[in-house]
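Below is one structure, written out as C-alpha cells; the observations come after it.
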Protein chains: 2
Amino acid sequence: MARQNSTGSLADVSRRAGVSVATASRVLNGSTHPVSEHTRRRVLRAAEELGYSPSALARALVTKRSRIIGVVVGDIVDPYFAEITRGVEDVAARAGYMTIVCNADRRTEAELAQLQLLSDYRAEGVVFAGSGYVEDPLGEELADAVRRARVRGMEVVSVALRDFDCPRIHGDNRAAAHDMTEYLISLGHRRIAFIGGPPGLYASRDRFEGFRDAMLTAGIDPELVHEGDFGYDRGYSATERMVADGELPDAVIGANDATAIGALGALRKARVAVPERVSVAGMTDTRLARFSDMTTVGLPIYDFGASAARRIVGEGADQPSETVLPHRVVARSTTARRS
Amino acid sequence: MARQNSTGSLADVSRRAGVSVATASRVLNGSTHPVSEHTRRRVLRAAEELGYSPSALARALVTKRSRIIGVVVGDIVDPYFAEITRGVEDVAARAGYMTIVCNADRRTEAELAQLQLLSDYRAEGVVFAGSGYVEDPLGEELADAVRRARVRGMEVVSVALRDFDCPRIHGDNRAAAHDMTEYLISLGHRRIAFIGGPPGLYASRDRFEGFRDAMLTAGIDPELVHEGDFGYDRGYSATERMVADGELPDAVIGANDATAIGALGALRKARVAVPERVSVAGMTDTRLARFSDMTTVGLPIYDFGASAARRIVGEGADQPSETVLPHRVVARSTTARRS
DNA sequence: TTGTAAGCGTTATCAG
DNA sequence: CTGATAACGCTTACAA
C-alpha cells in the first residue's frame, strides 16, 4: 500500500511561484497580511497548477486549532442519535469544522476510550449525546477525564443528564413523561403500562418517574411497569407478555419511540385494536413515530445537537451553562379516548 | 476562548524522566526498538504523572498515516446510511482508526466539498456510501478529484454504483427489485405499482428497471409508476393519489423502505386493508421494515460498510475490485396471496 | 510588501 | 541501549 497521500507542500508552491513559504502561506490562507496583487496571482496560479491543498493536520499542529468536533453517541443507528448528530454536523460544517462521530454502545467504558481518541486528535470540542448512568462505577473516572480535557481547553457539552461538569443542553425527561401520562389519563385511561429504558440510565429513571408521579397524582397505582432497553424487541416482548397474561392495559407508554413501536407490533400481531382497545404512545418523536403515525412527545433533538455545536464553534459562548429545551405532546393516531 | 488543548509534549515527558525524546517516543508508542526495563519504567511513570497523551496530529504529520477514514453519506438520518456507517465505524475502530462521517445531502457538489475536506485532513481512505447520478454534470469533476486522491495514495471505495474508478462493494439493485417483483407476481398480483427513488440516481434507475423487466417478463404492462425521493412523504402522497384516483393496485413496491412505509401510512389512513386488499413491499431491509413487519428485500448494508473499511485498513487488499453481495426477499406481514 | 527563522509534537536516521 | 538531530507542512513574530 502506498500511504503517501499528500498534495505537495507549501514549499513546492512557493518554489514554483518564486516566493517564500511565508508569502505563499499568507495568500493561501486568507491572512490579513498585505501581499501585492502580482505576487498573489503568481502564488495562486502555482497552487492551482500543483493541485495544492493545505494539510489541515500541519495547520492544526501549529495553530492548535484542529477544527474537529467529536460526538459521542450511544448508537448511530438509533434515529435519536442520528438526529442529534445531524444537528451537530450541520452547524459544524457551516463553521468549517469536521465532525467525528464515535459510537459508545451506551457503555461508559467506551465513552472513556472515545474521549481519549478524540483528545489524541486534539478535538476542539466533544458533545456527549447519550445519557449517563445512576451511580456509574466509571462515573468518577469519566468525570476526571472530562475535567482534564476541559482544563486543556477542550469544550465539552452534553445533551443529556451527565455526572460531569460541563454546559448542558437537554430536555426535561421527567416532565415529558409526566405530560404524556397526564394526556393519556385525560383520555380516560387508567390502567397504563410503562415500558422503560435501559436500567440505570438517567433518562430511563426520569421518564419512569415522570410517569409514576403523574399516575400517583391522578390517584392511580403505577403497577404495570416493564423493563426495556430502548430497543424494538423489548417493547415487543413486554407487550406480548401482557397480552399472554391476559392483562391488557388501557394504554402503553414506551420510554422511547422504538420501544413503543415494538409494543405496537406485538399488539398488531395479537390482533388487538389500536387505539380502540389500547392506546400506544412513545417518546422523543423520532421519524419512527411519524412513520407509524404514533402519538409521542416531541423533543427538539436536532436542536440539541445544533446548539451544542454552536457553543463549541464559539457562537454560543453567551448561553447559560444549562439550557432546557421545551417538549410537547404530539397526538397522532395511536391514542384515543377510552371507549 | 482558551484554545490550548494539549497534554504536554513528549519533550515534557522526556525531561521529567531524564531521557531523550527519542527514548520517550520509543517506549510510548510500542516501537520495537529495545529500551531497558529501567528506563521504560521511568518514562511510563513520567507520562502517567503528566497525564500525557500523544498528539495524533503530530504523529500523522510525520508518519503520513492519519488513521482517519471518511464516510460520505447521503443523509445520516436515513437508516440505510446509518447502518453502513456503523459497519465502517466498527471495523475502523477495531483497527485504531477514526471515522469521520460527512453528509452530502445527496448532492454531488457537496460530495466534492467533503472529499476535499477529507483530503485536507489527509484521510487514508474514504468510502462513498451513496449512489451516483446518471449523466451527472459534476460527474467528470468528481471522477477527476477521486483520481487525484487515489494517485496521492488515498484509498477510495464506493458501496454503490459510481462513475469514478475505484473498488466497489455493493448489491445488485436491479436483481433485487426484480426478485421482489417476481415474488409479488408469484403471489397472484398483476396491478403492481412502483414508487421510485430520486430521479437520476443509479439506484433509482436500477431498481425501477428490475421492476419493469420482471413485469414485462410476466407479460404485464408496468404502468403504475410514481416518482419518489426515498422519503416517507413521497411514498405517502403517491399512494394517497392512487387511492383518490380510485385506481388501487394489487400491490405497491417502494424503492426503499421509507417510501414503502409512506405507502403503508396512506393506505392505513384510507382504511385500505394491508395485505388483504393491497400488498406492500419495500427495499433494503432497514430497521424500519422490521419495525413495521414489512416485506422487503434484504441487502447486507452493514457489511457494505464493514467490507469497505476492511479494504481501507488493509485487511481486504486481496479482495477483487468489484464485490457484489447477495440479497434476498424477506417476506413479512404486509404481503399476501391475492384474494 | 517580502523574507528569515523559530517553532508545533512526533518519528526516524545515525551515531555513539 | 541511548541520544542528537533532521525532517513533516504549516504559521507567525521579527527583520529587512
Side-chain angles (χ1 to χ4, degrees), chain A residues 3-44 46-47 50-68 119-124 152-153, chain B residues 3-43 46-47 50-68 119-122 124 152-153:
Chain A
R3 273 282 148 63
Q4 271 282 3
N5 203 5
S6 93
T7 30
S9 63
L10 209 44
D12 298 333
V13 176
S14 69
R15 207 169 302 131
R16 176 164 196 128
V19 302
S20 70
V21 288
T23 304
S25 169
R26 295 200 263 252
V27 6
L28 260 18
N29 73 353
S31 144
T32 68
H33 198 104
V35 172
S36 80
E37 205 41 53
H38 175 240
T39 326
R40 170 178 307 274
R41 249 195 287 281
R42 292 183 59 76
V43 173
L44 253 16
L50 261 41
Y52 170 78
S53 97
S55 161
L57 262 25
R59 199 201 297 261
L61 188 57
V62 37
T63 60
K64 299 193 175 308
R65 306 187 86 250
S66 63
R67 296 193 156 270
I68 285 178
S119 161
D120 291 349
Y121 280 90
R122 302 298 185 260
E124 288 183 32
R152 279 187 252 119
Chain B
R3 272 283 146 63
Q4 271 283 2
N5 202 5
S6 89
T7 28
S9 64
L10 213 41
D12 298 333
V13 176
S14 69
R15 207 168 303 130
R16 176 162 196 130
V19 300
S20 70
V21 287
T23 304
S25 170
R26 295 199 263 253
V27 4
L28 258 20
N29 73 353
S31 140
T32 68
H33 197 105
V35 172
S36 80
E37 204 41 51
H38 176 241
T39 323
R40 168 177 311 272
R41 248 194 288 281
R42 290 182 62 75
V43 173
L50 261 42
Y52 168 78
S53 96
S55 161
L57 262 28
R59 201 203 297 261
L61 188 58
V62 37
T63 59
K64 299 191 173 311
R65 308 189 82 248
S66 64
R67 298 195 154 269
I68 285 178
S119 161
D120 291 349
Y121 280 91
R122 302 297 186 262
E124 289 183 32
R152 278 187 253 118

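Here is the naming used below: chain letters follow the sequence lines, and residue numbers restart at 1 for every chain.
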Under 4.0 Å between any heavy atoms, over every strand shown, what does B:Ser14 touch: base, sugar-phosphate, or nothing? Just pick one.
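Counting heavy atoms under 4.0 Å across all strands, no contact is made by B:Ser14.
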
Using a 4.0 Å heavy-atom cut-off, does A:Ser31 contact any base of the nucleic acid, only the sugar-phosphate backbone, or nothing at all?
nothing

Give the angle between the helix axes at the two ends of the helix from C:dT1-D:dA16 to C:dG16-D:dC1, taking five base pairs at each end and rounding to 10°.
40°

Working to the nearest 0.5 angstrom, can you tell me the gap between A:Leu57 CG and B:Leu57 CG?
5.0 Å

Once rounded to the nearest 0.5 Å, what's the spacing between atom CZ of A:Arg15 and atom CG of A:Leu10?
10.5 Å

For the pair made of [atom1] in [X] and [atom2] in [N], what is the distance, rounded to whole Å?
{"X": "A:Arg65", "N": "C:dC8", "atom1": "CZ", "atom2": "P", "result": "18 Å"}
{"X": "A:Leu10", "N": "C:dG3", "atom1": "CG", "atom2": "C1'", "result": "13 Å"}
{"X": "B:Arg122", "N": "D:dC10", "atom1": "CZ", "atom2": "C1'", "result": "11 Å"}
{"X": "A:Tyr121", "N": "C:dT10", "atom1": "OH", "atom2": "P", "result": "13 Å"}
{"X": "A:Leu50", "N": "D:dC10", "atom1": "CG", "atom2": "P", "result": "11 Å"}
{"X": "B:Glu37", "N": "D:dC1", "atom1": "CD", "atom2": "P", "result": "10 Å"}

Measure across A:Arg59 and A:Pro54 and return the closest heavy-atom pair with its distance rounded to 0.1 Å.
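Minimum heavy-atom separation between A:Arg59 and A:Pro54: NH2-CG, 3.3 Å.
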
Please name the pair of heavy atoms, one in A:Ser66 and one in A:Ala123, separated by the smallest distance, quoted to 0.1 Å.
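The answer is OG-CA, 3.6 Å.
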
Phosphate contact (D:dC10 OP1 or OP2) by A:Tyr52 side-chain N/O below 4.0 Å
yes

Does OP1 or OP2 of C:dG9 have a side-chain N or O of A:Lys64 closer than 4.0 Å?
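Yes, such a contact exists.
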
side-chain contact (heavy atoms from CB on, under 4.5 Å) partners of A:Arg41, counting only residues at least two apart:
A:Glu37

Counting only side-chain heavy atoms from C-beta out, which of C:dT1, D:dC1, D:dT12 sits nearest to A:Thr63?
D:dT12

I'd like to know if the side chain of B:Ser36 and the backbone of B:Thr39 have a donor-acceptor N/O pair within less than 3.5 Å.
yes

Report, one line per pair, each donor and acceptor closer than 3.5 Å where one atom sits in a side chain of residues 21-31 of chain A; sequence neighbours left out.
unit_1, atom_1, unit_2, atom_2, d
A:Thr23, OG1, A:Ser20, OG, 3.1
A:Asn29, OD1, A:Ser31, N, 3.1
A:Ser31, OG, A:His33, N, 2.9

Less than 4.5 Å apart, any side-chain heavy atom of B:Tyr121 and any of A:Arg67?
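Counting from C-beta outward, B:Tyr121 and A:Arg67 do come under 4.5 Å.
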
Does any part of the side chain of B:Asp120, heavy atoms only, come nearer than 4.5 Å to the side chain of A:Ser55, both counted from C-beta?
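Side-chain contact under 4.5 Å: no.
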
Residues B:Arg65, B:Glu124: salt bridge by 4.0 Å N-O rule:
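Looking at B:Arg65 and B:Glu124, the cut-off is met.
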
Please confirm whether any donor atom in the side chain of A:His33 sits under 3.5 Å from an acceptor in the base of C:dT1, or the reverse.
no

Determine, stepwise, if the pair A:Ser14 / A:Arg42 fulfils side-chain contact (heavy atoms from CB on, under 4.5 Å).
CA-CA 9 Å; A:Ser14 69; A:Arg42 292 183 59 76; over 6 Å; no

Please work out which residues in residues 16-29 of chain A have a non-hydrogen atom less than 4.0 Å from an atom of DNA chain D and list them by number.
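DNA chain D contact set from residues 16-29 of chain A: A:Ala22, A:Ser25, A:Arg26, A:Asn29.
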
Suppose we screen for salt bridge (Lys or Arg N to Asp or Glu O under 4.0 Å). Which residues come up paired with B:Arg16, at least two apart in sequence or across chains?
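With sequence neighbours excluded, B:Arg16 shows a salt bridge (Lys or Arg N to Asp or Glu O under 4.0 Å) to B:Glu49, given in chain and number order.
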
What residues from residues 54-62 of chain A pass a heavy-atom cutoff of under 4.0 Å to DNA chain C?
A:Leu61, A:Val62

